[in-house]
Asker: 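One structure, pasted below without further comment.
This structure is a prediction, so every number in the text was calculated from the model and none was measured. Chain letters run A, B, ... following the sequence lines, proteins first and then strands; every chain starts at 1. The basis for the numbers below is simple: all heavy atoms, side chains too, and nothing from hydrogens, waters or symmetry mates.
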Amino acid sequence: MAEESSVQEYGEEALVKEIPPKAADLSKWYTAACWKAELFDYTPVRGSIALRPYGYALWENLQRQMDDRFKATGHVNAYFPLFIPESLLMREAAHVEGFAPEVAWVTHGGNEKLTERLAVRPTSEVIIGVMYARWVQSYRDLPVLINCWNNVVRWEKATRPFLRTMEFLWQEGHTAHASHEESTEEVARMLEVYREVAEDVCAMPVVTGEKSAGERFAGALHTFSIEALMPDGKALQAGTSHDLGQNFAKAYDIEFVDKDQQVKHAWTTSWGVSWRMLGGLIMTHGDDRGLRLPPALAPYQVVIVPIPKKGSGESVTAVARQVRDRLVKAGVRVRLDDRDEHKPGWKFSEWEMRGVPLRIEIGARDVEQNQVTAVRRDCEKGDAGAKTGLALARLESGVCELLDAVQHGLHEQARAYLGQHRFEAQTREEFFDLLRRQAGLVRIPWCDDAVCEAEIKAQTSATTRNQVPLEGEAGPVSCVACGNPAKTRAYFARSY
RNA sequence: CGGGGCGUAGCUCAGCUUGGCAGAGCGCGUGCUUUGGGAGCACGAAGUCGCAGGUUCGAAUCCUGUCGCCCCGACCA
């Protein structure tokens with residue numbers, strides 16, 4: 001058990017300047033918090049950010065968590081070209097139409113005008129479809145299970161760091177299968193991977209389900225998504241998994257000879273998560289002091305702040321270094337902040353702002369008592385358990401336990417928020433009222449009709465987020481919005 | 001793409017109405033003292049006033065255009 005801390009209680013409230021209170025203006029809070037934490041910086045390129053080392057480290061950790069899961073489900077990584085010839089892009093009509101307004105075009109090579117324009121990929125179904133057509137001849141070549149880590153470009157009119165940028169980093173998985181049954185399983189499998197990453201890694205609860213026809217990926221048969229709820233009551237689509245049917249196989253000639261010697265089109269899927277996921281977890285967890293990062297992703301899980309004092313400086317420094325070395329050996333991502341130019345108070349605020357899950361303070365009193373003082377970022381000052389005296393003898397196990405506690409603490413707080421802002425509307429009036437108030441995710445039995453969807457959007461600005469089949473109903477159910485027979489149970493909310 | 005706001009030192013901003021030497025705080029550099037919740041003193045460096053035209057003897061300031069950022073809509077896997 002952690003012994004009672006002997007250190008004094010917190011002093012005056014320390015506020016990070018230049019970050020407005022989160023509740024007052026989420027948008028301003030968000031951009032200021034990301035920027036002050038040095039996740040990104042603005043660039044001379046409109047709508048395009050530079051990902052700074054701290055932000056890139058965060059992305060790398062998310063990348064690793066996802067990549068491990070892709071590998072564990074049988075996928076391999078590959079890479080495909082950035083440029084897509086216009087004539088290839090045009091072959092899948094729905095896909096072209098969907099992406100046309102967002103495609104950036106290369107028209108010149110050096111000083112010479114190209115005979116055919118090149119699209120900068122907004123997504124890679126097209127070029128990958130062309131390549132799969134070359135690689136797949138027999139049922140023995142299937143399934144193809146490939147993932148790609150890359151950047152894509154979409155010409156956006158309004159951009160926000162991570163949530164919507166013109167160029168962004170993501171992964172796109174592309175698979176080809178011999179049967180629709182198999183590709184359907186793949187779509188569900190990867191949606192579940194995304195749900196798990198959001199919940200267990202990002203500590204960000206999500207709802208899963210299928211997109212309506214209007215919200216579907218351009219060219220897909222079915223699109224499924226994970227949707228998180230942000231503190232302003234707007235939903236954030238954090239990952240999608242698409243059943244592309246045979247649409248792309250037909251447009252790009254992905255054909256194979258099956259066991260029955262018949263030539264058939266393959267069934268393909270695609271699924272993607274971008275750095276938008278980072279934006280989601282930042283908005284979800286952050287507070288007035290800045291970021292709060294889940295330990296599973298934090299570039300530094302632990303920051304050690306030595307508190308030197310005249311006469312005891314050397315012993316404090318020596319212990320701080322020992323603690324760092326032991327934690328490194330234990331596999332903890334740790335940083336010893338031994339900068340001389342800042343006082344401890346400054347460092348406390350800075351690392352809180354940057355979201356480090358656990359701070360270890362080491363001062364003369366700690367050294368005397370063979371302990372360190374650990375402070376959790378997921379707790380408010382003065383909360384029970386926020387500050388712990390941790391005996392050096394059990395440093396590694398104690399730190400790991402506290403990191404687990406922070407991971408779960410953040411998840412629980414986010415889950416409680418979602419629980420309080422997820423509604424089941426019983427009447428049309430209640431449904432529209434909740435949406436107009438931007439109260440959160442509102443679920444109703446729904447007719448799944450585009451006309452009804454359009455009316456809801458016109459009146460409330462909310463759209464369907466995703467939906468699941470009706471089940472366990474005694475008899476026929478009516479759509480809460482329009483009264484026609486309900487076909488699904490759908491979440492509605494305004495969205496990012 | 002429409003409406004609104006903002007671009008002056010690394011950051012936050014004052015100066016603009018009424019044209020006349022480029023400013024403050026914080027940060028940054030050097031030195032000393034400090035260090036359990038954003039330390040103190042001293043000295044110092046730092047700016048094509050977003051960009052391009054125009055008016056003027058003279059423009060950060062007035063006019064026109066343009067680019068970018070932020071907010072709200074529209075649009076959008």
Asker: What residue among A:Lys36, A:Lys343, A:Arg339, A:Arg289 forms salt bridge (charged side-chain N to carboxylate O under 4.0 Å, His left out) with A:Glu350?
Answerer: A:Arg339
Asker: Between B:A14 and B:G58, how many Å separate the two C1' atoms, rounded to a whole number?
Answerer: 23 Å
Asker: Round to a whole Å and report the spacing from CZ of A:Arg359 to C1' of B:G38.
Answerer: 12 Å
Asker: Tell me whether the OP1 or OP2 atom of B:C71 has a side-chain N or O from A:Arg160 closer than 4.0 Å.
Answerer: yes
Asker: Nearest whole angstrom, please: distance from the P of B:C6 to the CG of A:Asp25.
Answerer: 16 Å
Asker: Can you check the distance between B:G7 and B:G53, where both ends of the measurement are the P atom (answer in whole Å)?
Answerer: 22 Å
Asker: Applying the Watson-Crick and G-U wobble criteria at under 3.5 Å, what pairs with B:C41? Answer none if nothing qualifies.
Answerer: B:G31
Asker: Say we look at B:U35 and B:G25: how far apart would their C1' atoms be, to the nearest angstrom?
Answerer: 24 Å
Asker: Write down the distance between NZ (A:Lys457) and C1' (B:A74), rounded to a whole number of angstrom.
Answerer: 9 Å
Asker: Considering heavy-atom distances to RNA chain B, does A:Val367 or A:Gln237 have its closest nucleotide positioned more toward the 5' end?
Answerer: A:Val367
Asker: Expressed in whole Å, how much space separates the P atoms belonging to B:G3 and B:C49?
Answerer: 30 Å
Asker: What's the shortest heavy-atom distance between A:Val316 and A:Ile362, and which atoms?
Answerer: CG1-O, 3.3 Å
Asker: In whole Å, measure the gap between the C1' atoms of B:C57 and B:C11 for me.
Answerer: 38 Å
Asker: Regarding B:C76, can its base be found pairing with the side chain of A:Arg164 as donor and acceptor, where the two atoms are less than 3.5 Å apart?
Answerer: yes
Asker: What integer number of Å spans the C1' atoms of B:G19 and B:C69?
Answerer: 28 Å
Asker: Consider the side chain of A:Lys381, meaning its heavy atoms from C-beta on, and name the nucleotide among B:G36, B:G37, B:A74 that approaches it most closely.
Answerer: B:G37
Asker: How do A:His242 and A:Phe348 order along RNA chain B: which one's closest nucleotide is nearer the 5' end?
Answerer: A:Phe348
Asker: Closest approach to the side chain of A:Thr159, judged atom by atom: which nucleotide of B:U35, B:C70, B:G38 is it?
Answerer: B:C70
Asker: Where the side chain of A:Tyr42 is concerned, which of B:A39, B:G73, B:C70 is the nearest nucleotide?
Answerer: B:C70
Asker: So what does A:Gly239 hit on the nucleic acid, given a heavy-atom distance under 4.0 Å: a base, only sugar-phosphate, or nothing?
Answerer: nothing
Asker: Report the distance from atom CZ of A:Arg289 to atom C1' of B:G38, rounded to the nearest whole Å.
Answerer: 13 Å
Asker: Calculate the interatomic distance between A:Asp366 atom CG and B:U35 atom P; express it in whole Å.
Answerer: 16 Å
Asker: Roughly how many Å is it from NE2 in A:His342 to C1' in B:C28, rounded to a whole number?
Answerer: 10 Å
Asker: Ignoring hydrogens and geometry beyond distance, is a side-chain donor-acceptor pair present between A:Trp29 and A:Asp288 at under 3.5 Å?
Answerer: no
Asker: Under 4.0 Å, counting only non-hydrogen atoms across every strand here, what does A:Arg276 touch: a base, just sugar-phosphate, or nothing?
Answerer: nothing
Asker: Choose from B:G37, B:A74, B:U35 the nucleotide whose nearest atom is closest to any side-chain atom of A:Ala158.
Answerer: B:A74
Asker: Which listed nucleotide (B:G37, B:G36, B:G38) is nearest to the side chain of A:Trp346?
Answerer: B:G38
Asker: Searching all strands shown, indicate the nucleotide that pairs with B:C62 (Watson-Crick or G-U wobble; both distances under 3.5 Å).
Answerer: B:G54
Asker: Nearest of B:C76, B:G68, B:A74 to any side-chain atom of A:Glu156?
Answerer: B:C76
Asker: A:Phe492 ring centre to A:Arg465 NZ or CZ under 6.0 Å, with the angle to the axis within 45°?
Answerer: no
Asker: In the strands shown, is B:G36 matched to any nucleotide by a Watson-Crick or G-U wobble pair with both distances under 3.5 Å, and which?
Answerer: none
Asker: Should B:C1 form a Watson-Crick or G-U wobble pair with both distances under 3.5 Å, which nucleotide is its partner?
Answerer: B:G73
Asker: For A:Lys343 and B:A39, is the shortest distance between a side-chain N/O and OP1 or OP2 below 4.0 Å?
Answerer: yes
Asker: To the side chain of A:Ser27, which of B:C11, B:C72, B:U35 is closest?
Answerer: B:C72
Asker: Quiz question: going by heavy-atom distance under 3.5 Å, is there a donor-acceptor pair between the base of B:G37 and the side chain of A:Glu352?
Answerer: yes
Asker: Which nucleotide in the list B:C69, B:U35, B:C76 gets nearest to the side chain of A:Asp340?
Answerer: B:U35
Asker: Regarding A:Lys211 and A:Gln237, is there a side-chain donor-to-acceptor distance under 3.5 Å anywhere?
Answerer: yes
Asker: From C-beta outward on A:Glu350, which listed nucleotide comes closest to its side chain: B:U35, B:C1, B:G38?
Answerer: B:G38
Asker: Under 4.0 Å, heavy atoms only, any strand: does A:Trp170 hit a base, just the sugar-phosphate, or nothing?
Answerer: base
Asker: Considering only atom P, compute the distance from B:A46 to B:A24 and round it to an integer number of Å.
Answerer: 14 Å
Asker: Under a 3.5 Å threshold, yes or no: a donor from one side chain and an acceptor from the other, between A:Glu453 and A:Ser212?
Answerer: yes
Asker: Measure from CZ on A:Arg365 to C1' on B:U35 and round the result to the nearest Å.
Answerer: 13 Å
Asker: What distance, rounded to whole Å, do you find between the two P atoms, one in B:A22 and one in B:U48?
Answerer: 13 Å
Asker: May I ask you to establish whether A:Arg359 and A:Phe348 are in a cation-pi arrangement, using a distance under 6.0 Å from NZ or CZ to the six-membered ring centre and at most 45° from the ring axis?
Answerer: yes
Asker: How would you label the contact of A:Phe168 with the nucleic acid (heavy atoms, under 4.0 Å): base, sugar-phosphate, or nothing?
Answerer: base
Asker: If you look at every strand shown and take non-hydrogen atoms under 4.0 Å, does A:Ala364 touch a base, only sugar-phosphate, or nothing?
Answerer: base
Asker: Looking across every strand, which nucleic acid part, if any, lies under 4.0 Å from A:Gly272 by heavy atom: base, sugar-phosphate, or nothing?
Answerer: nothing
Asker: Report the base-pairing partner of B:U12 (Watson-Crick or G-U wobble, both distances below 3.5 angstrom), or none.
Answerer: B:A24
Asker: Only pairs with both distances under 3.5 Å count, Watson-Crick or wobble alike; so what is the partner of B:G7 in this structure?
Answerer: B:C67
Asker: What's the CD-P distance between A:Glu215 and B:C75, to the nearest Å?
Answerer: 11 Å
Asker: Do you know which of A:Leu410, A:Asp287, A:Val303 makes side-chain contact (heavy atoms from CB on, under 4.5 Å) with A:Arg377?
Answerer: A:Asp287
Asker: What pair of heavy atoms forms the shortest contact from A:His242 to A:Ala220, and how long is it?
Answerer: CB-CB, 4.2 Å
Asker: Can you figure out which of B:G73, B:C69, B:G36 approaches the side chain of A:Lys309 most closely?
Answerer: B:G36
